There are 4 protein chains.
Amino acid sequence: MSNDFQQTLITARRNLILDAAIEVIAQHGFQRTSIKQIAKHAGVADGTIYNYFKNKDELLHALVKRLTEPEAINLQQAQQQQLDPQVFLATEVQEQMRQMQSQFDVFRAIIPETIVDATLARSLYDGIYQPVFEIAECYLKQLMDQGKLPTGDPRVMARLLIAPSMGLLLMRLMGDDHIETAWESYQEAVLKTLTRTFLGDSDED
Amino acid sequence: MSNDFQQTLITARRNLILDAAIEVIAQHGFQRTSIKQIAKHAGVADGTIYNYFKNKDELLHALVKRLTEPEAINLQQAQQQQLDPQVFLATEVQEQMRQMQSQFDVFRAIIPETIVDATLARSLYDGIYQPVFEIAECYLKQLMDQGKLPTGDPRVMARLLIAPSMGLLLMRLMGDDHIETAWESYQEAVLKTLTRTFLGDSDED
Amino acid sequence: MSNDFQQTLITARRNLILDAAIEVIAQHGFQRTSIKQIAKHAGVADGTIYNYFKNKDELLHALVKRLTEPEAINLQQAQQQQLDPQVFLATEVQEQMRQMQSQFDVFRAIIPETIVDATLARSLYDGIYQPVFEIAECYLKQLMDQGKLPTGDPRVMARLLIAPSMGLLLMRLMGDDHIETAWESYQEAVLKTLTRTFLGDSDED
Amino acid sequence: MSNDFQQTLITARRNLILDAAIEVIAQHGFQRTSIKQIAKHAGVADGTIYNYFKNKDELLHALVKRLTEPEAINLQQAQQQQLDPQVFLATEVQEQMRQMQSQFDVFRAIIPETIVDATLARSLYDGIYQPVFEIAECYLKQLMDQGKLPTGDPRVMARLLIAPSMGLLLMRLMGDDHIETAWESYQEAVLKTLTRTFLGDSDED
DNA sequence: TATGAATGAGAATTCATTCAT
DNA sequence: AATGAATGAATTCTCATTCAT
């Protein structure tokens with residue numbers, strides 16, 4: 001009883017620290033952010049952070065984990081339904097870009113380290129992109145088999161499906177103001193181009 | 001005379017250090033790479049590096065500068081010629097991806113810091129992407145005016161032109177093996193999809 | 001009544017903690033052992049330890065105290081009896097070495113700190129060695145007066161009486177396997193040499 | 001040339017740091033002594049110490065090494081000469097106790113950690129005591145074979161040879177003032193008792 | 001009384017930078 | 001110009017101790 005409550009408190013505090021960490025790290029970068037800064041921002045003592053995370057690196061891994069875990073659900077649903085190609089594409093892309101938008105600071109905090117630390121990269125990759133690839137590859141194969149798509153390497157095509165949004169993310173991370181400001185327009189635009197690319201010259205406005 | 005020779009020597013040594021820096025930084029990341037490591041890899045003493053660069057950060061800026069300066073040439077050429085749209089696209093994309101391939105380690109070294117340091121990002125952006133955007137935007141406007149392209153925001157479209165290769169770069173940086181291995185196939189594939197997107201269902205090889 | 005019972009409980013728990021402390025400290029050394037480790041080993045919470053000991057150092061002093069207090073009895077007995085020299089020697093040495101054997105972990109826990117902390121050293125010295133010295137000095141003087149022993153400084157001789165067993169203890173603490181394994185043989189051997197030294201070329205079994 | 005000189009300087013500074021370390025550590029104990037204290041005492045910056053020793057523990061190992069290396073010479077000599085038993089004993093004991101006296105602070109610094117850290121103990125043991133034991137055991141066997149000594153386990157006897165001086169060292173480490181003050185008398189006294197023990201009721205003063 | 005999360009002082013260690021040679 | 005030892009600020013992390021529950 002009190003145990004459950006305790007657990008809730010602990011989880012809450014853990015998340016508090018993670019949220020604080022995201023903000024500061026997104027601003028200054030992981031390596032340039034000290035535990036002291038994170039602690040101060042979270043309103044706790046330095047040592048407290050070590051009650052929740054084994055070390056500074058673990059904090060980053062926890063960020064990746066928190067990012068990858070709950071979102072997975074959305075994908076599973078997409079997988080189970082036998083979707084109309086158009087809907088499939090839309091769902092997939094929208095979901096990707098919606099997450100990039102809502103979790104932008106997390107990506108900003110994580111991605112630079114991800115490029116530098118293979119373990120972290122693998123963690124993020126396995127958590128977010130691998131599943132998408134698998135679904136996409138599977139789906140694309142179906143389309144090819146049904147003759148709705150010209151034959152090609154599904155691995156390549158799956159990656160091309162993700163590439164535009166990833167590219168926009170990277171450019172935004174590198175400070176592209178227009179992408180930052182007009183993210184939603186890009187969301188639409190990407191969907192449009194992908195539709196055209198993968199489903200032929202479709203009829204749209 | 002002796003002065004010129006001196007200058008050449010100095011430039012050579014500077015580049016020696018930069019090349020060493022790229023290798024080590026690409027492997028371990030900028031923050032995790034110490035001046036000592038770079039110096040050792042370059043075969044000079046720690047202090048020597050400070051004869052060529054004001055401080056560690058300057059080294060990174062020098063990398064960006066060296067990356068942006070000579071390559072600009074390729075773009076200028078593209079700009080001056082009144083190109084056939086198909087050729088324009090091909091040239092642009094190929095050039096982008098060729099550079100990403102040949103300078104991969106530089107990108108690996110630079111980009112994580114770029115995401116974290118706005119000044120650096122600006123430097124890279126202004127040096128590499130802004131010019132491309134300007135040319136592309138300008139070119140796309142022409143196409144629209146000529147009715148060869150449906151109307152749309154040229155800023156968005158220009159960025160969509162770059163996005164796929166940027167996305168592939170990011171995924172490769174994050175350790176995607178297939179992209180690393182089959183970069184050339186992706187180069188072709190990107191060109192194909194962009195052609196289809198921007199120039200309609202074109203005739204492919 | 002309930003008070004007495006309470007007191008017993010408290011003493012029991014105190015000893016529980018001390019016993020746990022001995023085990024962990026003997027294994028890792030006092031400074032390298034954290035309160036957390038001791039608490040865990042004792043099956044109590046960190047804070048609980050502070051209900052029984054003012055601070056970490058007090059725990060060590062308590063160990064010394066517990067070691068010195070009850071054992072004193074054995075000495076008193078030795079003192080009161082007018083012993084045959086041979087028996088005196090035997091009793092004294094056996095008792096020393098028996099205690100070293102049975103309380104080895106305590107010595108292992110205490111002695112390193114004892115060397116470093118004068119107060120602690122004094123505590124142990126006054127509790128264990130001083131009394132022995134006093135008895136021994138007194139006894140040796142008697143023997144000299146009776147001409148049974150060549151004249152000499154009783155302080156020196158008393159210390160020489162203890163030195164061999166102390167030396168063996170130290171060597172064992174430093175990891176001498178043979179001494180650890182064959183402690184009993186050493187007990188005999190020490191007795192034999194001391195007999196020869198202090199009581200002349202005696203008749204041995 | 002300049003290289004040799006450099007090397008000398010480096011060795012000198014290393015020894016400067018070691019000497020400073022001995023003084024401070026002997027006073028407060030290794031764990032309670034911070035690198036800062038040692039650096040201050042040595043008149044160098046904190047970081048400088050890490051130019052000479054990989055970490056704090058290495059400093060301790062260096063102390064042991066410096067203690068064990070040069071002294072070994074004395075033993076080798078003893079080994080090669082076919083000594084008169086009396087002379088052998090005297091040399092051995094004197095050497096031991098002379099070293100304990102002259103290097104007392106080193107022992108004070110080292111021994112507590114030695115008890116707590118098996119690796120360190122092994123290092124000291126192998127460096128100082130093992131050689132003595134080997135020589136002594138070998139020598140004692142000879143004596144036994146020649147019938148000059150009653151038969152017994154040479155391992156035990158060798159250790160009994162060392163035990164008294166070790167015991168005195170320990171007692172002195174634990175703050176025994178008389179031993180500290182009258183070390184030389186103890187040196188003589190130990191020799192006398194060992195002579196009596198191992199060589200029979202010898203004729204002396 | 002017992003608990004164990006929070007605290008923050010203090011320790012070891014790293015490393016960019018300087019500067020005497 | 002090149003060197004590399006010295007520096008000390010800054011960082012991560014530990015852990016004795018406290019205190020609200």
Side-chain angles (χ1 to χ4, degrees), chain A residues 2-3 5-6 9-10 13-14 17 31-40 42-59, chain B residues 6 9-10 13 17 31-40 42-59, chain C residues 6 9-10 13 17 31-40 42-59, chain D residues 2-3 5-6 9-10 13-14 17 31-40 42-59:
Chain A
S2 157
N3 216 359
F5 180 62
Q6 278 292 320
L9 267 187
I10 287 178
R13 198 159 252 246
R14 215 184 111 99
I17 293 173
Q31 303 274 3
R32 302 195 200 251
T33 302
S34 68
I35 287 287
K36 220 176 198 70
Q37 281 174 284
I38 296 172
K40 198 170 189 179
V44 300
D46 302 16
T48 304
I49 292 186
Y50 291 88
N51 289 337
Y52 293 89
F53 306 95
K54 220 179 74 191
N55 53 42
K56 202 187 168 193
D57 281 342
E58 274 305 303
L59 215 155
Chain B
Q6 282 290 321
L9 266 187
I10 288 179
R13 199 158 249 237
I17 293 172
Q31 301 277 359
R32 298 192 204 254
T33 301
S34 66
I35 287 286
K36 212 175 204 73
Q37 279 174 284
I38 296 172
K40 197 172 186 178
V44 301
D46 304 14
T48 304
I49 290 185
Y50 288 85
N51 289 333
Y52 295 90
F53 306 95
K54 217 182 76 192
N55 55 40
K56 201 187 168 193
D57 282 342
E58 274 307 303
L59 221 154
Chain C
Q6 282 290 322
L9 265 187
I10 289 179
R13 198 158 249 236
I17 293 172
Q31 302 277 1
R32 300 191 202 254
T33 302
S34 66
I35 287 286
K36 211 174 205 72
Q37 278 174 285
I38 297 171
K40 196 172 187 179
V44 300
D46 305 13
T48 305
I49 290 185
Y50 289 84
N51 289 333
Y52 295 90
F53 306 94
K54 217 182 75 192
N55 53 40
K56 201 186 169 194
D57 282 342
E58 273 307 303
L59 219 154
Chain D
S2 157
N3 216 0
F5 181 60
Q6 278 292 321
L9 267 186
I10 287 178
R13 198 159 251 247
R14 215 184 112 99
I17 293 172
Q31 303 275 3
R32 300 196 201 250
T33 302
S34 67
I35 287 288
K36 218 177 198 68
Q37 280 174 285
I38 296 173
K40 198 171 189 178
V44 299
D46 302 15
T48 304
I49 291 185
Y50 291 87
N51 290 336
Y52 294 90
F53 305 96
K54 218 179 75 191
N55 53 42
K56 203 186 167 193
D57 281 343
E58 274 306 301
L59 215 155

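Everything quoted here is computed from the prediction, not taken from an experiment. Worth knowing before you read on, the calculation uses all heavy atoms, side chains too, and leaves out hydrogens, waters and symmetry mates. Below, read A as the first sequence line, B as the second, and so on, with proteins coming before strands; counting in each chain starts at 1.
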Report yes if a side-chain nitrogen or oxygen of [X] is closer than 4.0 Å to either non-bridging phosphate oxygen (OP1 or OP2) of [N]; otherwise report no.
| X | N | answer |
| --- | --- | --- |
| C:Arg32 | F:dC15 | no |
| C:Asn51 | E:dT1 | no |
| B:Lys36 | E:dC15 | no |
| C:Thr48 | E:dT3 | yes |
| D:Asn55 | E:dA12 | no |
| B:Arg13 | F:dA1 | no |

Checklist outcome for this item: In Watson-Crick or G-U wobble terms, with both distances under 3.5 Å, the base opposite F:dA20 is E:dT3
Item to check | For E:dG10, the Watson-Crick or wobble partner whose two distances fall under 3.5 Å | outcome: F:dC13
Atom-pair distance ([atom1] on [X]; [atom2] on [N]), nearest Å:
| X | N | atom1 | atom2 | value |
| --- | --- | --- | --- | --- |
| D:Gln37 | E:dA11 | CD | P | 7 Å |
| D:Leu9 | E:dT21 | CG | C1' | 12 Å |
| A:Lys54 | F:dT12 | NZ | P | 17 Å |
| B:Tyr50 | F:dA2 | OH | C1' | 15 Å |
| A:Asp57 | F:dT11 | CG | P | 16 Å |
| D:Lys40 | E:dA11 | NZ | C1' | 16 Å |
| D:Leu59 | E:dA12 | CG | C1' | 12 Å |
| A:Ile35 | F:dT14 | CD1 | C1' | 13 Å |

Next on the checklist: Please determine whether side chain to side chain contact (heavy atoms under 4.5 Å, CB included) holds for the pair B:Ile35 and B:Tyr50, giving the CA-CA distance in whole Å, both sets of side-chain angles, and the decisive distance to 0.1 Å.
Outcome noted: CA-CA 10 Å; B:Ile35 287 286; B:Tyr50 288 85; 3.6 Å; yes
Of all the choices, [options], which nucleotide is nearest to the side chain of [X] once you look at every atom?
| X | options | answer |
| --- | --- | --- |
| C:Ala45 | F:dG4, F:dT17, E:dT3 | E:dT3 |
| D:Val44 | E:dA2, F:dT7, F:dT18 | F:dT7 |
| A:Tyr52 | E:dA5, F:dT14, F:dA2 | E:dA5 |
| C:Lys56 | E:dT17, F:dT17, F:dC13 | F:dT17 |
| A:Ser34 | F:dT12, F:dT18, E:dT18 | F:dT12 |

Next on the checklist: Just so I know, are the side chains of D:Thr48 and D:Arg13 near enough to count as touching, which here means a heavy-atom distance under 4.5 Å?
Outcome noted: yes
Checklist entry - Side chains of C:Phe53 and C:Ile17: closer than 4.5 Å at any heavy-atom pair? => result yes
Checklist outcome for this item: Contacts of B:Ile49 and C:Gln31 projected onto DNA chain F by closest heavy atom; the upstream (5') one is B:Ile49
Checklist outcome for this item: Of D:Asp46 and A:Asp46, the one whose nearest nucleotide on DNA chain E sits closer to the 5' end is A:Asp46
Checklist entry - Is the backbone N or O of C:Ser34 less than 3.5 Å from a side-chain atom of C:Gln37, with the two atoms forming a donor-acceptor pair by type? => result yes
Checklist entry - How many angstroms lie between CD1 in C:Ile38 and CD1 in C:Ile49, if you round to the nearest 0.5 Å? => result 5.5 Å
Checklist entry - Roughly how far apart are B:Ile10 CD1 and B:Asn51 CG, rounded to 0.5 Å? => result 9.5 Å
